[in-house]
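Data block below; observations after.
First listed ligand is number 1; within each ligand, the first listed atom is number 1. Residues: numbered from 1 along the sequence shown. No hydrogens, no waters, no symmetry mates; every other heavy atom, side chains included, goes into these values.
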Amino acid sequence: MIKINENYKKLQASYLFSDIAKRVAAFQKENPDKEVIKMGIGDVTLPLADVCLKAFHKGVDDLADKTTFKGYGPEQGYDFLRSAIAEHDFQSRGADISADEIFVSDGAKCDTGNFQELFAPDAVIAVPDPVYPVYVDTNVMAGRSGDFVNGRYSKFIYLDSTEANNYVPDLPAQKADVIYLCFPNNPTGATATKEQLKKWVDYAKANKSLILFDAAYECFIRNPELPKSIFEIPGADEVAVEFRSFSKTAGFTGVRCGFTVVPKKCTVYDADGNPASLHAMWNRRHTTKFNGASYPVQCAAAACYTPEGQAQIKEKTDYYLGNAALIKKAFVELGYSCTGGDNSPYVWVNTRTDSWKFFDTLLHECGIVCTPGSGFGSCGQGYVRFSAFNSRENTQKAMDKLVKFLK
Ligand code: PLP
C-alpha cells in the first residue's frame with residue numbers, strides 16, 4: 001500500500017480562477033451578444049520582441065549545424081546569459097552580484113516553489129497576505145503549515161498588507177526563519193522603498209532569518225528612487241535570495257525562462273548551529289533536479305540585454321503601464337482608493353463591498369472581468385485586482401463602460 005504525503009490533504013482547493021471561469025461562462029451563455037473584456041489574468045498579450053525572436057531562431061539554427069550544436073548545457077545556465085544578467089541587472093545598479101551567483105531556470109514559479117526544500121521541516125515561515133499562492137502551498141506540501149483554522153494555517157506567520165501600512169507589511173513580533181516578500185507585489189501592485197526593505201534586511205540579520213525576495217515584476221518600476229533588487233540594500237547579500245523572471249519582462253510566459261540569485265555570502269545553519277553555504281546547497285539541489293533551460297531560450301533571454309533588446313522590451317512594458325495608468329485614473333476619478341498601477345501592471349482597488357459581489361456586478365453590468373481579492377488571502381477581502389495585460393483598445397473600452405456605470 002502506497003501511503004501519500006498527508007500534507008497534501010491540508011491544501012485548500014483553489015477555486016479562484018475556476019470560479020471566475022464558471023461565472024464568466026454562465027454569463028456568456030445567458031448573454032451571447034454581450035462583449036466580455038477580461039482584465040483578471042496575469043498573462044502577457046504582446047508578442048516577443050524582434051531581437052528576442054531573432055536570437056531564438058539563431059539558437060535553433062545553431063542546433064542544425066554540427067559545429068555549433070549544443071547538447072546538455074551547464075545546469076546553472078550558459079555563461080553568456082549569467083554574465084549579462086549579473087552585469088545589467090545587478091552590477092549596473094551597485095549590487096555586487098557575480099555571474100556564478102545566478103542560477104538560470106525555466107521560470108520563477110518553479111524556483112519560488114522549490115527553494116523551501118532547503119529548509120528544515122520545522123522552519124517558521126512568514127508569508128504576505130494577500131499572497132502569490134505558490135509560497136503558501138509549497139510550504140503546506142512540505143509540512144510546515146499546521147492546520148487550516150478560520151481561513152489561516154496555524155504555523156505560518158501572516159504579514160498583513162493593508163491600506164494602513166501602504167501594503168508593505170510591518171515586521172512581525174515573532175521570529176520568522178524564512179520570509180517571503182514580493183515587490184512590485186502580486187496582487188496589490190505595491191512597491192517598497194529602500195528604507196522599507198532595509199528594515200527587513202536588518203530584521204533578517206538580527207534573527208538569522210532568510211528573505212526570499214520575488215522580483216518577478218521589477219521591469220515595471222519606473223520611479224528611479226525605488227529599488228529593483230533587494231541587493232541594492234547594503235548587506236542584503238548575507239540574508240536574501242532573489243527570484244526573477246523573463247515572463248513579464250520580455251513576454252516569456254510561454255517560452256519559460258527565469259533565474260534565482262543566491263549570493264555566496266548567504267549563510268544558513270544546521271541543527272547544531274554550524275554555518276552552511278546556501279549557494280552550495282542550492283547548487284547541489286539545482287544540478288541534481290534540473291538539466292538547464294534550453295539553449296535557444298537562453299539565447300532569446302540574453303538578447304534582452306543588448307541595447308536594442310532593452311529598448312524593445314521597455315516599449316512593451318511601457319504599453320502595459322499605459323493601460324495600468326488608464327485603469328488607475330478611472331478608479332481614482334471615481335473616488336475609489338487604489339494602489340499599484342504606477343510601477344506595476346496590477347491595480348488593487350478597495351471596492352468598499354464584498355470582493356465577489358463587486359466582481360459579479362461588474363461582470364453583469366459592464367461585461368468586465370476582474371479578480372476578486374479575497375482569493376489571494378483574507379486581507380484581500382473587499383478588494384479586486386485589475387490586470388493591465390490587455391490591448392489599449394480593450395482597456396479604454398472597459399474603463400469607459402465602468403466609469404459610466406459606477407459614476
Ligand atoms: N512570482 C510572481 C509574484 C508571479 O506573479 C508569477 C507569475 O505570475 C511568478 C512568480 C511566476 O513567473 P514565471 O512565469 O517565471 O514562472
Side-chain angles (χ1 to χ4, degrees), residues 14 16-17 20 38-46 48 52 77 81 85 89 102-116 126-139 159 161 167-169 178-192 211-221 228-230 240-261 286 290 292-294 297-298 300-301 304 313 316-317 320 324 339-341 343-348 371 373 375-377 380 385-390:
S14 173
L16 181 61
F17 289 98
I20 293 173
K38 295 184 178 164
M39 307 192 73
I41 29 158
D43 195 0
V44 291
T45 53
L46 294 173
L48 295 185
C52 294
L81 178 56
I85 292 169
D89 284 341
I102 313 281
F103 293 84
V104 175
S105 71
D106 59 1
K109 187 176 197 173
C110 302
D111 289 349
T112 52
N114 290 329
F115 211 87
Q116 50 73 33
V127 288
D129 180 356
V131 69
Y132 175 58
V134 174
Y135 319 146
V136 171
D137 287 353
T138 53
N139 278 289
L159 305 171
S161 310
Y167 308 95
V168 178
V178 180
I179 302 143
Y180 289 84
L181 293 178
C182 173
F183 292 107
N185 189 268
N186 179 14
T188 68
T191 51
I211 298 169
L212 299 183
F213 190 75
D214 187 342
Y217 294 94
E218 60 73 31
C219 60
F220 294 99
I221 292 179
K228 284 176 162 249
S229 165
I230 196 162
V241 163
E242 184 164 305
F243 304 105
R244 291 269 187 119
S245 170
F246 290 95
S247 284
K248 312 296 153 77
T249 311
F252 275 39
T253 52
V255 175
R256 310 304 308 144
C257 195
F259 59 91
T260 291
V261 186
H286 193 76
F290 187 64
S294 95
V297 165
Q298 292 191 60
C304 295
I313 60 176
K316 291 176 194 276
T317 48
Y320 296 128
T339 188
N343 295 282
S344 154
Y346 298 123
V347 182
W348 184 245
T371 309
F376 297 102
R385 187 191 76 175
F386 276 81
S387 157
F389 297 116
N390 214 316

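Considering backbone and side-chain N/O atoms, Tyr346 never comes within less than 3.5 Å of an N/O atom of ligand 1. Considering backbone and side-chain atoms together, Lys109 places an N or O closer than 3.5 Å to an N or O of ligand 1.
With 3.5 Å as the limit, one finds no donor-acceptor pair spanning the side chains of Asn343 and Thr191. Side chains of Gln116 and Thr138: a donor-acceptor N/O pair is absent below 3.5 angstrom, by distance only.
Remark: ligand 1 atoms within the under-4.0 Å shell around heavy atoms of Cys182 are 3 (C). Of all the atoms in ligand 1, the ones that sit under 4.0 Å from a non-hydrogen atom of Ser247 are 13 (P), 14 (O), 15 (O). Less than 4.0 angstrom separates some heavy atom of Asp214 from each of these atoms of ligand 1: 1 (N), 2 (C), 3 (C), 10 (C). Of all atoms in ligand 1, listed by their number and element, those nearer than 4.0 Å to a heavy atom of Arg256 are 13 (P), 14 (O), 15 (O), 16 (O). Listed by number with element, the atoms of ligand 1 under 4.0 Å from a non-hydrogen atom of Lys248 are 7 (C), 8 (O).
Classification of the Tyr132-Tyr135 ring pair by plane angle, with boundaries at 30° and 60°, yields perpendicular. Classified by interplanar angle (parallel below 30°, tilted 30° to 60°, perpendicular above 60°), the ring pair Phe252/Phe246 is tilted.
Scanning the protein for heavy atoms near atom 11 (C) of ligand 1, the closest one is Tyr132 OH, 3.3 Å.
The parts of Ala108 lying near ligand 1 are both backbone and side chain, judged by heavy-atom distances below 4.0 Å. When non-hydrogen atoms are compared, ligand 1 lies under 4.0 Å from the side chain of Tyr217 (C-beta onward) but not from its backbone.
With Phe213 as the partner, the side-chain contact (heavy atoms from CB on, under 4.5 Å) test is satisfied by one option alone out of Phe243, Phe183, Tyr180: Phe183. When each of Asp214, Asp89, Asp111 is checked for a salt bridge (Lys or Arg N to Asp or Glu O under 4.0 Å) with Arg244, only Asp89 meets the rule.
A distance-only check finds a donor-acceptor pair linking the side chain of Arg385 to the backbone of Gly40 [under 3.5 Å].
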